[in-house]
Number of protein chains: 2
Amino acid sequence: MLHQKPAHDQTAMPDYAPHSHPHPSARDLIAAHGGRVTRTRIAVIETLQAAQHPLSHDEIGAALAAADIAHDRVTLYRALDWLVEQGIAQRIAGGERAWRFEIRHDGAHRHAHFHCDRCGQILCLEEVPTETSPALPAGFELDRTELVLHGACADCGRQGAKAGTR
Amino acid sequence: MLHQKPAHDQTAMPDYAPHSHPHPSARDLIAAHGGRVTRTRIAVIETLQAAQHPLSHDEIGAALAAADIAHDRVTLYRALDWLVEQGIAQRIAGGERAWRFEIRHDGAHRHAHFHCDRCGQILCLEEVPTETSPALPAGFELDRTELVLHGACADCGRQGAKAGTR
DNA sequence: ATTCAAATGCTACAATGTTGCATCAAAAGC
DNA sequence: GCTTTTGATGCAACATTGTAGCATTTGAAT
Ligand SMILES: [Mn+2]
Ligand SMILES: [Mn+2]
Ligand SMILES: [Zn+2]
Ligand SMILES: [Zn+2]
């Protein structure tokens, strides 16, 4: 239930702008998709909207706790499942075998991510668009493309040049 | 310990060509990296070399079992860890929160993957190169890029057009 | 205020991966 | 070949991440 990496600590909803474009109100989003407007869903959406990088279930849970919003693990999993089903959020297979979530951007605003294979940090690369569709085998339908750049972040690169790849 | 998807069943080392280019001998590869040549490592490498798509720990374990190579779960995890550390194999964050592994191709032969979000199938897209490096923040080092196309495979697309996104 | 499906909160469980430590065996030295 | 050394293995116990079932609560429609 606790953060392992105090570096990315990102608890209660911050006040800086998210991905540099405005976001619709959480209540409206939920209602527009025919869901019930609950404290948990509102807080999850607002947390994701405010985040500068995709958040893990654990990180989102910490944000809810910091905002004094009672919830249990399973409820949060289900809220996230619902957001993904609705296309409001998307799952990203970040490194550490735990999903990460972020608001799903449409068309122009989609972007790639950088994943540090040493410390696990994930960074949104706003400038790098995810490449558009190449030829797929017959019958295959493309939904979205995910581009992840792997390597070492500035912090990890500086120290131990030859640490574990993992 | 059993396969869930008989469709991708890929047990004992098959005899067809892998990614359509030849592979170095497993023993040589291991020795060249200063590791001990053990049955487990040899079999894991040969299994990966023969595979047409990235394999999960479970699938590789099944292949070892089919080849009558005794091993335990942890040993296999460690063999795979070692291959990744050495840069012989690479981990791919396939959907189902389980790593998938494949031989790491160099330069020209790197390719993208297609992931079916309905049935979980993963396909190597030999023709689609992973895009080359864009601008990264100062100090960041790029190791490799991972391009995953998400959508529905031919089988899944045909049936239920509007199933679960997940 | 009443109604009722949609969300929630437990508890119990499954799947995937990790750690510690005793034992085994690959390969190097003799 | 025999011994030695240390990397690799096997086993047991544990951690993390995510799911399923079911009783209870609550959003929102009437
Ligand atoms: Mn992002
Ligand atoms: Mn591949
Ligand atoms: Zn890092
Ligand atoms: Zn499919």
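Chain letters run A, B, ... following the sequence lines, proteins first and then strands; every chain starts at 1.
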DNA chain C nearest-nucleotide lookup for Phe101(B) and Val37(B): closer to the 5′ end is Phe101(B)

Between Gly35(B) and Gly35(A), just flag the one whose closest nucleotide in DNA chain C comes earlier from the 5' side.
Gly35(A)

For the residue pair [X] and [Y], confirm or rule out a side-chain donor-acceptor distance under 3.5 Å.
| X | Y | answer |
| --- | --- | --- |
| His53(A) | Gln121(A) | no |
| Asp143(B) | His150(A) | no |
| His113(B) | His111(B) | yes |

Mark yes or no: Arg97(A) above the aromatic ring of Trp99(B), with NZ or CZ under 6.0 Å from the six-membered ring centre and no more than 45 degrees from the axis.
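No, Arg97(A) and Trp99(B) do not form such a contact.
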
Residue [X], side-chain heavy atoms: nucleotide from [options] that is nearest:
| X | options | result |
| --- | --- | --- |
| Arg73(B) | dG18(D), dT16(C), dG10(D) | dT16(C) |
| Arg78(A) | dA20(D), dA15(D), dC21(C) | dA20(D) |
| Asp72(B) | dG10(D), dT16(C), dT19(C) | dG10(D) |
| Val74(A) | dA7(C), dT11(C), dT5(D) | dT11(C) |
| Thr75(B) | dG10(D), dG18(D), dG27(D) | dG10(D) |

Output the rounded distance in Å from [atom1] ([X]) to [atom2] ([N]).
| X | N | atom1 | atom2 | value |
| --- | --- | --- | --- | --- |
| Trp82(A) | dG18(D) | CH2 | C1' | 21 Å |
| Leu80(A) | dT17(D) | CG | C1' | 13 Å |
| Ile42(A) | dT26(D) | CD1 | P | 15 Å |
| Ile60(B) | dG17(C) | CD1 | C1' | 14 Å |
| Tyr77(B) | dG20(C) | OH | C1' | 18 Å |
| Leu76(B) | dT16(C) | CG | P | 13 Å |
| Arg39(A) | dG27(D) | CZ | P | 7 Å |
| Leu64(A) | dG9(C) | CG | P | 10 Å |

Could one point to a donor on the side chain of Arg97(B) or the base of dG18(D) with an acceptor on the other under 3.5 Å away?
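Absent.
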
Please confirm whether the shortest side-chain N or O distance from [X] to OP1 or OP2 of [N] is below 4.0 Å.
| X | N | answer |
| --- | --- | --- |
| Thr38(A) | dA6(C) | no |
| Thr40(B) | dT9(D) | yes |
| Arg41(A) | dA7(C) | yes |

Nearest-0.5 Å distance that lies between atom CD1 in Ile103(B) and atom CG in Leu83(B):
7.0 Å

